[in-house]
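Atom set for the values below is all heavy atoms of this structure, side chains included, hydrogens, waters and symmetry mates excluded.
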Amino acid sequence: MKLNLLSCDAQRPDKRAIANCITEISVNGNASLSNELTDILLEGDAVDIEVDDKNSGSALRALRKLDIDYEILD
């Protein structure tokens with residue numbers, strides 16, 4: 001499943017927690033790529049990631065917990 005991460009609405013976004021979440025839920029969980037994607041997301045640009053279908057429910061829950069707005073592309 002492909003997700004488009006739109007924005008983070010948290011008052012004080014936890015950069016490390018967001019990067020760890022992206023690393024854990026994305027199909028190609030690379031820590032350095034996740035840090036770059038987190039920076040892009042927190043600057044206000046959308047980010048596309050791919051999530052394994054068997055983990056999609058927990059992935060969406062984790063994103064909501066971090067106040068990340070997303071849309072499902074696939």
Side-chain angles (χ1 to χ4, degrees):
M1 171 171 63
K2 291 186 180 185
L3 295 176
N4 189 15
L5 306 182
L6 303 172
S7 65
C8 181
D9 295 332
Q11 288 243 332
R12 290 186 190 166
D14 185 350
K15 186 176 175 181
R16 183 181 298 160
I18 294 169
N20 288 339
C21 179
I22 291 173
T23 301
E24 290 177 17
I25 67 174
S26 67
V27 171
N28 50 359
N30 180 341
S32 63
L33 177 62
S34 296
N35 287 329
E36 289 180 37
L37 294 176
T38 300
D39 289 338
I40 293 169
L41 179 66
L42 294 178
E43 288 174 5
D45 295 326
V47 172
D48 292 335
I49 62 170
E50 190 166 344
V51 177
D52 191 12
D53 287 336
K54 67 179 181 178
N55 297 331
S56 62
S58 60
L60 298 178
R61 242 184 330 275
L63 293 172
R64 284 192 299 268
K65 186 176 179 182
L66 292 169
D67 290 327
I68 297 175
D69 290 330
Y70 59 87
E71 65 181 356
I72 299 172
L73 299 176
D74 194 61

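- Residues in residues 26-42 take part in these salt bridge (Lys or Arg N to Asp or Glu O under 4.0 Å) pairs, two or more places apart or across chains: Lys15-Asp39.
- For the atom pair CG (Asp48) and CG (Leu37), the distance works out to 9.5 Å, reported to the nearest 0.5 Å.
- Across every non-hydrogen atom of Cys21 and Ala62, the tightest pair is SG-CB, 3.7 Å.
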- Message: Test side-chain contact (heavy atoms from CB on, under 4.5 Å) on Leu6 and Leu41; report intermediate values, then the result.
- Response: CA-CA 7 Å; Leu6 303 172; Leu41 179 66; over 6 Å; no
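- When all heavy atoms of Asn4 and Ala46 are compared, the pair lying nearest together is OD1-CB, 3.4 Å.
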- Test Ser7 against Ile68 for side-chain contact (heavy atoms from CB on, under 4.5 Å), laying out the working first. CA-CA 6 Å; Ser7 65; Ile68 297 175; over 6 Å; no
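- When side chains are defined from C-beta on, Glu71 does not count as touching Leu3, because their heavy atoms never get closer than 4.5 Å.
- Atom CD1 of Ile72 and atom NZ of Lys2 lie 14.0 Å apart (nearest 0.5 Å).
- Between Leu42 atom CG and Leu5 atom CG the span is 10.5 Å, to the nearest 0.5 Å.
- Separating the CD1 atom in Ile49 from the CD1 atom in Ile22 is a distance of 6.0 Å, to the nearest 0.5 Å.
- Screening residues 49-64 for side-chain hydrogen bond (donor to acceptor under 3.5 Å, both in side chains), with sequence neighbours left out, gives Arg64-Tyr70.
- Hydrophobic clustering (side-chain heavy atoms under 4.5 Å, transitive across Ile, Leu, Val, Met, Phe, Trp, Tyr) groups Ile40 together with Ile25.
- Smallest separation of non-hydrogen atoms from Ala31 and Thr23: CA-OG1, 3.8 Å.
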- Checking side-chain contact (heavy atoms from CB on, under 4.5 Å) for the pair Cys8/Ile18: CA distance, chi angles, key distance, verdict? CA-CA 9 Å; Cys8 181; Ile18 294 169; 3.9 Å; yes
- Can Val51 and Val27 be said to form a side-chain contact (heavy atoms from CB on, under 4.5 Å), step by step? CA-CA 5 Å; Val51 177; Val27 171; 5.6 Å; no
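- Note that CG of Asn20 and OG1 of Thr38 are 8.5 Å apart. Values are rounded to the nearest 0.5 Å.
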